[in-house]
Amino acid sequence: MADIVWKSCVSHTAAMLRMPQGTDEAQANRVFQAFTHLRETLKASRPDVLVIIATDHMMTFSYEAVPVFAIGTGAAFPSWGEAGTPDRTFKGIDAFGDDVVKRLIDSEFDVVSVAEMKLDHAFGCPLSFLMKDIDIPLLPIYVNCTVPPLPSHARCRAFGKALGQALRAQSVASRIAIVGTGGISHWVGLPQTGLINETFDQDFLRLFEAGELDAIVDFDSDKVIAEAGNGAAEIRNWLIAAAAAQASKGTRLAYEPVSAWKTGIGLVELSS
């Protein structure tokens, strides 16, 4: 049996790396300090593998083929290096991905297995901070948060529970770290781009920190997208990570509505 030794959820935006003109340096520094804390606790947890749950922005997947859940398998995961993210190849553990895919399929989740899945900034941005000076094998997990119909919040939590069971049951890696990344409020490629709904963000974080996943699952998906942006659909990745980790509560390390980044940025460290 394996143990989940570290878990967190973080926002991402490529603007973190580009630092566009007008960025509030005090806000940015508080976000970066939170990432530094998570990097240090991640390093201290000595994981064998980091499971990262994110989405894709029409780089690896397109309208021609949009899986609901996909898992990268193989021994290497190249990044697209787009939007200012580093051009980097992350290592994996071949047998680990194959084992997790099989267990999820046995749990009646028909996940797509993607050999050496390429990773866009949804993965690359948080990894630029979390793995700045460390090199941990990855298991990248893609969730469709962009192209309707989206998986329901309830389905995502159920997937998270099944993922957690698969991770604990496998014997390839004994110490596992998990991070879910996305959101919070932001609009992508729409007239509302640049808006941030601080009220939504604060309400979501309050529930998430308290471990009240039932309340978040009950969020109406269409209402979330209407009020907090199409990017807020990425709260699915937070639900999956928390459910997989069996987290009962979280500690908010930062929340910053960074206008120059056009995103409400949250970072939460989870605990059981």
Side-chain angles (χ1 to χ4, degrees), residues 1-12 30-54 96 100 122-123 125-127 129-134 136-141 143 153-154 156-170 173-185 200-219 232 234-256 264-272:
M1 293 289 288
D3 294 321
I4 295 174
V5 297
W6 182 91
K7 51 257 186 188
S8 73
C9 289
V10 301
S11 297
H12 68 253
R30 287 191 288 269
V31 171
F32 298 153
Q33 287 168 8
F35 268 114
T36 297
H37 169 86
L38 287 175
R39 183 171 66 250
E40 292 304 316
T41 58
L42 173 62
K43 188 188 305 185
S45 71
R46 298 178 292 105
D48 299 314
V49 63
L50 172 60
V51 177
I52 179 168
I53 303 152
F96 182 71
V100 172
F123 295 88
C125 173
L127 290 174
F129 294 98
L130 294 174
M131 291 177 51
K132 185 176 181 179
D133 57 354
I134 51 180
I136 303 168
L138 294 185
L139 181 71
I141 298 180
V143 181
H153 295 150
C156 286
R157 180 172 61 171
F159 177 73
K161 289 180 178 179
L163 173 63
Q165 291 169 356
L167 293 173
R168 291 180 179 87
Q170 58 74 43
S174 61
R175 298 177 64 82
I176 299 169
I178 297 178
V179 60
T181 177
I184 313 173
S185 68
F200 172 86
D201 292 347
Q202 294 286 3
D203 289 345
F204 168 75
L205 287 171
R206 175 180 54 80
L207 292 170
F208 193 76
E209 288 176 279
E212 296 183 22
L213 299 190
D214 287 345
I216 296 173
V217 165
D218 286 343
F219 282 4
E234 294 169 346
I235 62 172
R236 287 164 170 77
N237 302 331
W238 293 52
L239 279 171
I240 292 168
Q246 296 180 337
S248 60
K249 59 183 179 179
T251 300
R252 187 187 314 195
L253 302 175
Y255 172 71
E256 298 293 339
I265 303 294
L267 295 93
V268 175
E269 193 165 33
L270 296 171
S271 56
S272 300

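Atom set for the values below is all heavy atoms of this structure, side chains included, hydrogens, waters and symmetry mates excluded.
Side-chain contact check for Leu38 versus Phe129: every heavy-atom pair is 4.5 Å or farther apart. No side-chain heavy atom of Ile141 sits under 4.5 Å from any side-chain heavy atom of Val100. Annotation: side chain of Leu42 is in contact with side chain of Ile136 (closest heavy-atom distance under 4.5 Å). Contact check for Cys9 versus Asn237: no side-chain heavy atoms found under the 4.5 Å cut-off.
Between Phe204 and Ile184, the closest heavy-atom pair is CD2-CG2, 4.0 Å. Looking at every heavy atom in both residues, Leu138 comes nearest to Val49 through C-CG2, 3.9 Å.
With sequence neighbours excluded, the residues satisfying side-chain hydrogen bond (donor to acceptor under 3.5 Å, both in side chains) with Asp201 are Ser185, Tyr255. In this view, Phe96 satisfies the ring-ring contact (aromatic ring centres under 6.0 Å, His included) rule with no residue, not counting sequence neighbours. Residues passing the side-chain hydrogen bond (donor to acceptor under 3.5 Å, both in side chains) test with Ser174, sequence neighbours excluded: Asp48. Residues meeting the side-chain hydrogen bond (donor to acceptor under 3.5 Å, both in side chains) test with Lys43, sequence neighbours left out: Asp133. By the side chain to side chain contact (heavy atoms under 4.5 Å, CB included) test, Arg206 pairs with Asp203, sequence neighbours left out.
The OG atom of Ser8 sits 8.0 Å away from atom CG of Leu50, with the distance rounded to the nearest 0.5 Å. In this structure, NZ in Lys132 is found 9.0 Å from CZ in Phe32, a value given to the nearest 0.5 Å. A distance of 10.0 Å separates CG of Leu207 from CD1 of Ile235, quoted to the nearest 0.5 Å.
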Return a table of donor-acceptor pairs under 3.5 angstrom between the side chains of residues 208-216 and protein atoms on other chains or two or more places apart.
from, atom 1, to, atom 2, distance (Å)
Glu209, OE1, Arg252, NE, 3.1
Glu209, OE1, Arg252, NH2, 2.8
Glu209, OE2, Arg252, N, 3.2
Asp214, OD1, Arg157, NH1, 2.4
Asp214, OD1, Arg157, NH2, 3.2

Less than 3.5 Å apart, which donor and acceptor atoms pair up between the side chains of residues 265-272 and the rest of the protein, not counting sequence neighbours?
from, atom 1, to, atom 2, distance (Å)
Glu269, OE1, His37, NE2, 2.8
Glu269, OE2, Thr41, OG1, 3.1
Ser272, OG, Lys7, NZ, 3.1

Could you give the side-chain donor-acceptor pairs of residues 176-183 under 3.5 Å, partners two or more places apart or in another chain?
from, atom 1, to, atom 2, distance (Å)
Thr181, OG1, Val10, O, 3.1
Thr181, OG1, His12, ND1, 2.9

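Ring geometry for His153 against Phe219 counts as perpendicular: the plane angle is over 60°, on a 0 to 90° scale with 30° as the lower cut.
The local environment of CZ in Arg175 is crowded, with over 12 non-hydrogen atoms from other residues, nucleotides or ligands closer than 6.0 Å.
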side-chain contact (heavy atoms from CB on, under 4.5 Å) assessment of Trp238 paired with Ser11: CA-CA 9 Å; Trp238 293 52; Ser11 297; 4.1 Å; yes

